[in-house]
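Inspection log for the structure reproduced underneath, given as C-alpha cells.
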Amino acid sequence: MSADAKVDLVVTGGTIVTHDAVFAGDIAIDKGVIAAVGLPGAMPAAREVLDATGLHLLPGAIDVHVHFREPGYTHKEDWETGTAAAAMGGVTTVFDMPNVDPPTGTPAALALKLQAARKAYVDYGIYGLLAEDNIDQLEALIEGGVAGFKCFMGNTFGNLPSPSTGAMLEGLEIIARHGYRISLHAETASIMARRQTKLMAAGKNAPLDHLSARPAVVAIEAVARAAILAEWTGARIHVLHISSADELRPLREAKARGVDITGETCPQYLIHDTDDYGRLGSIIRVNPPIREPHHKHALWAALADGTIDMIATDHAPHLPEEKIRNDIWSADCGWPGVETQMPLMLTGVHDGKLSISDYVRISSYNPARAWGLYPRKGNIQPGADADIAIVDLGREQIIDQEQLASRAKITTFDKMRTKGLPVHTLVRGRFVMRNRKLVTEARGHGESVRRIQRMPKPQPRHTDQTTAAVLGLRSR
Ligand code: NCD
Ligand code: ZN
Ligand code: ZN
C-alpha cells in the first residue's frame, strides 16, 4: 500500500459503545470521518495508531444547552474557555444560548456570536432568540446560521423579558415553516414574579425561598401551554432543564398526541435535592430550582424509559463572588457543567442507574436525531464524523473546582467522587483533548453544525393558510 493510501488514525483494542450495542472493535479514521469499524486487526494501514486497550469508545457527547457568555459576560466564560471545558469533558458538540449581551436576537448580534465562536475547540450550534420584539427577525436569523431557537418563558440570568403567549404563537408559526426546533425555558414568568415579590416583601431571603418562588406548577403550566402551541403550529419544541416529576405528565401527554417534543434533564436535578440547600447555601441557586428528593428518582426513571430524551448540562458559569451571597435574590443562578457531565453520568452507569448504551442514547444519539445531525453525529459508524470520547470506565476522580477548564471555578459538584473519565476527545478525527490534556493547537478547530444539519419541513397544519394571511407570509 502506498503512503497516500494510509488512513489518518486507527484506534485499536478498545470497546465500542453505541445506543444499541457494546462490542470489541477497531476504528479507522480518515479526513475527519470514520472510514471503517471492524474486527480487531482488520483495519487499513494508518499514519498513527492509538492503543485503546481497556478503554471504551463512545460517540462524543452533544450538549444542547450551554452558556458560553460571549459576547457580553466574558469575565464568566468565553468561547475559548467554554469549548476547552467541553473538550476536557468528552463533549464534541455544544449548542450555545442567546442570553448574552447583545442578546442573539438579530442578525447583527448573531454575527458577533459567530465571530466569537471561531475560537472553538469543538463543533457548535448557535441558538437564536425568540422574544416579544424580534418576530420579524426570525427568518433572518435562520438565514444567518442559527441551529435552533430559544424562548425564555420565565425570567432567568440576563433578565430577557418573556414573550407573551401571542408573540410565542407567532414565533412558533414562523419557525415551524422552516423545521428548526425551539428550546424552552419552561417556567411561567407571571407566577414567579408575584411569588418572589411577596417573599421579598416579607423579608425572606434564604436559599430555600428561591424554591418557594418557583414551585413545580410554574414548570407544568409552561410545558403544557408550550405543547398546545406546538401542536397547533406543528413547531418542534424542546423542554430544557426538566427539574420535576410533575413535568413528565404534560411531556408524555404531548408525545402521545404526536407533538414533536423532546426533553432534557441535567446532572444537577439527578444528583441534588432539598437536603443540599443547607450545605451549599446560595451556590445551589439555579433556575429551575433543585427540588425535593422524590423528583430526582422520577427523573432517573424517565431517562431510562425514554420519556426524557437527553441529558444536557445548562453549563451556566458565574464567578464565586457572584454565587456566594447572604441574600439569595442577589446570587447568580447556575454553575458550570459541560466538563463534569460525563464523569457524573458514568458514575450513575457504574451505580446501575442506566446501562452504558442508555448513556450513549441520552448523551449523543438522541440529541443528534432531535437536532438533525444524525447520522453524521451521534453514532460510531462508517461515514459519521469521527467525534469520539475515549473513556476509562474504571478511572476515579474527585471533582476539583479549581482545576476546571471553565473560567468559573465554582460548582456544587466540587469534591464529589466520580468513576469513569474521558481520557481522549476527538472532534472530526482531531484530538482536542489527549491524555487528560487540552490540545491547545486545536483551538479554532470547531465548526458550526449548520453545514450538516437537516431539519425536514414538517407537514403544513390546518392553520397554515390563516397563518400566512395574518403574518403576511407567502402560503406554502
Ligand atoms: C442560566 C444562566 O446563568 O445563563 N442560569 C440558570 O440558573 N439555569 C440561565 C438558564 O438556563 O435559565
Ligand atoms: Zn433556562
Ligand atoms: Zn440555561
Side-chain angles (χ1 to χ4, degrees), residues 63-79 82 85-86 94-104 113 125-131 148-163 182-189 192-193 196 207 210-211 213-214 218-219 222-223 226 237-244 247 263-269 272 277 280 282-291 310-323 325 328-338 341 367 406-408 410-413:
D63 185 345
V64 302
H65 187 169
V66 303
H67 300 266
F68 285 166
R69 308 295 193 211
E70 185 177 4
Y73 305 101
T74 51
H75 66 288
K76 297 174 190 275
E77 195 78 290
D78 64 29
W79 271 83
V94 292
F95 277 45
D96 182 65
M97 288 293 170
N99 55 337
V100 290
D101 189 13
T104 319
K113 175 78 67 94
I126 307 285
Y127 279 109
L129 181 69
L130 189 183
F149 286 88
K150 167 70 176 283
C151 175
F152 291 94
M153 297 176 77
N155 75 295
T156 188
F157 177 75
N159 282 321
L160 300 177
S162 302
I182 301 135
S183 286
L184 308 164
H185 180 111
E187 290 189 295
T188 295
M192 303 188 290
Q196 185 172 332
H210 179 64
L211 174 57
R214 296 171 174 251
V218 306
V223 172
I237 58 171
H238 175 70
V239 183
L240 299 162
H241 44 39
I242 294 175
S243 62
S244 70
E247 287 158 88
E264 71 179 35
T265 190
C266 314
Q268 50 270 31
Y269 301 111
H272 293 315
Y277 276 74
L280 293 166
S282 63
I283 300 169
I284 203 169
R285 188 178 189 208
V286 60
N287 299 325
I290 301 297
R291 302 186 187 282
M310 64 192 84
I311 192 86
T313 67
D314 190 10
H315 177 86
H318 301 285
L319 298 190
E321 56 268 36
E322 296 167 329
K323 292 285 301 164
R325 296 292 176 101
I328 194 64
W329 310 116
S330 71
D332 274 344
C333 296
W335 51 86
V338 73
Q341 178 269 111
S406 169
R407 186 161 287 150
I410 185 163
T411 165
T412 58
F413 305 128

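Note that the numbering runs from 1 along the sequence shown for the chain. Both counts, for ligands and for their atoms, begin at 1 and track the order of listing.
We find the CG-CE distance between Leu240 and Met310 to be 9.5 Å, quoted to the nearest 0.5 Å. Distance check: Asn99 CG to Leu160 CG gives 6.0 Å after rounding to the nearest 0.5 Å. Expressed to the nearest 0.5 Å, how far NE2 of His318 lies from CD of Glu77 amounts to 10.5 Å. Note that CD of Gln268 is 6.0 Å distant from CG of Asp314, once rounded to the nearest 0.5 Å.
For atom 3 (O) of ligand 1, the closest non-hydrogen atom of the protein is Arg69 NH2, 2.8 Å. Protein heavy atom in closest approach to atom 7 (O) of ligand 1: Asn287 N, 2.9 Å. When only non-hydrogen protein atoms are considered, atom 5 (N) of ligand 1 lies nearest to Cys333 O, 3.1 Å. Here the protein heavy atom with the shortest distance to atom 8 (N) of ligand 1 is Asp314 OD2, 2.6 Å. From the protein, the heavy atom lying nearest to atom 12 (O) of ligand 1 is Thr156 OG1, 2.6 Å.
Residue Met97 places every heavy atom at 4.0 Å or more from ligand 1. Using a 4.0 Å cutoff on heavy atoms, His318 counts as a contact of ligand 1.
Residues Tyr277 and Pro289 have side chains in contact (heavy-atom distance under 4.5 Å, counting atoms from C-beta outward). In this structure, the side chains of Ile328 and Pro207 come closer than 4.5 Å at one or more pairs of heavy atoms.
Inspection of the environment of the Zn ion (ligand 3) yields the following protein N, O or S atoms under 2.8 Å: His65 NE2, His67 NE2, Asp314 OD1.
Taking only nitrogen or oxygen atoms, main chain and side chain alike, Lys150 does not reach within less than 3.5 Å of ligand 1. An N or O contact shorter than 3.5 Å is missing between Ala316 and ligand 1 by distance.
A donor-acceptor pair under 3.5 Å is formed between the side chain of Lys323 and the backbone N or O of Arg285. No donor-acceptor pair closer than 3.5 Å links the side chain of Glu187 to the backbone N or O of Ala219. His67 contributes no side-chain N or O that, together with a main-chain N or O of His315, makes up a donor-acceptor pair within less than 3.5 Å.
Proximity to Val286 (heavy-atom distance under 4.0 Å) selects the following atoms of ligand 1: 7 (O), 8 (N). With ligand atoms numbered from 1 in the order given, ligand 1 contributes 2 (C), 4 (O), 9 (C) to contacts under 4.0 Å with heavy atoms of Asn99. Near His241, the atoms of ligand 1 lying under 4.0 angstrom from a non-hydrogen atom of the residue are 11 (O), 12 (O). Atoms of ligand 1 found under 4.0 Å from any heavy atom of Gly334 (numbered from 1 in listed order, with element): 7 (O).
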Only distances under 3.5 Å count here; give the side-chain donor-acceptor pairs of residues 151-159 to other protein atoms, sequence neighbours excluded, each with its distance to 0.1 Å.
{"residue": "Asn155", "atom": "OD1", "partner": "Arg214", "partner atom": "NH2", "Å": "3.3"}
{"residue": "Thr156", "atom": "OG1", "partner": "Asn287", "partner atom": "ND2", "Å": "3.0"}

*asked:* As a quick check of understanding, evaluate side-chain hydrogen bond (donor to acceptor under 3.5 Å, both in side chains) for His65 and Ser183, giving each step before the final call.
replied: CA-CA 9 Å; His65 187 169; Ser183 286; over 6 Å; no
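Between His75 and the choices Glu322, Arg407, Arg69, the side-chain hydrogen bond (donor to acceptor under 3.5 Å, both in side chains) rule is met once, by Glu322.
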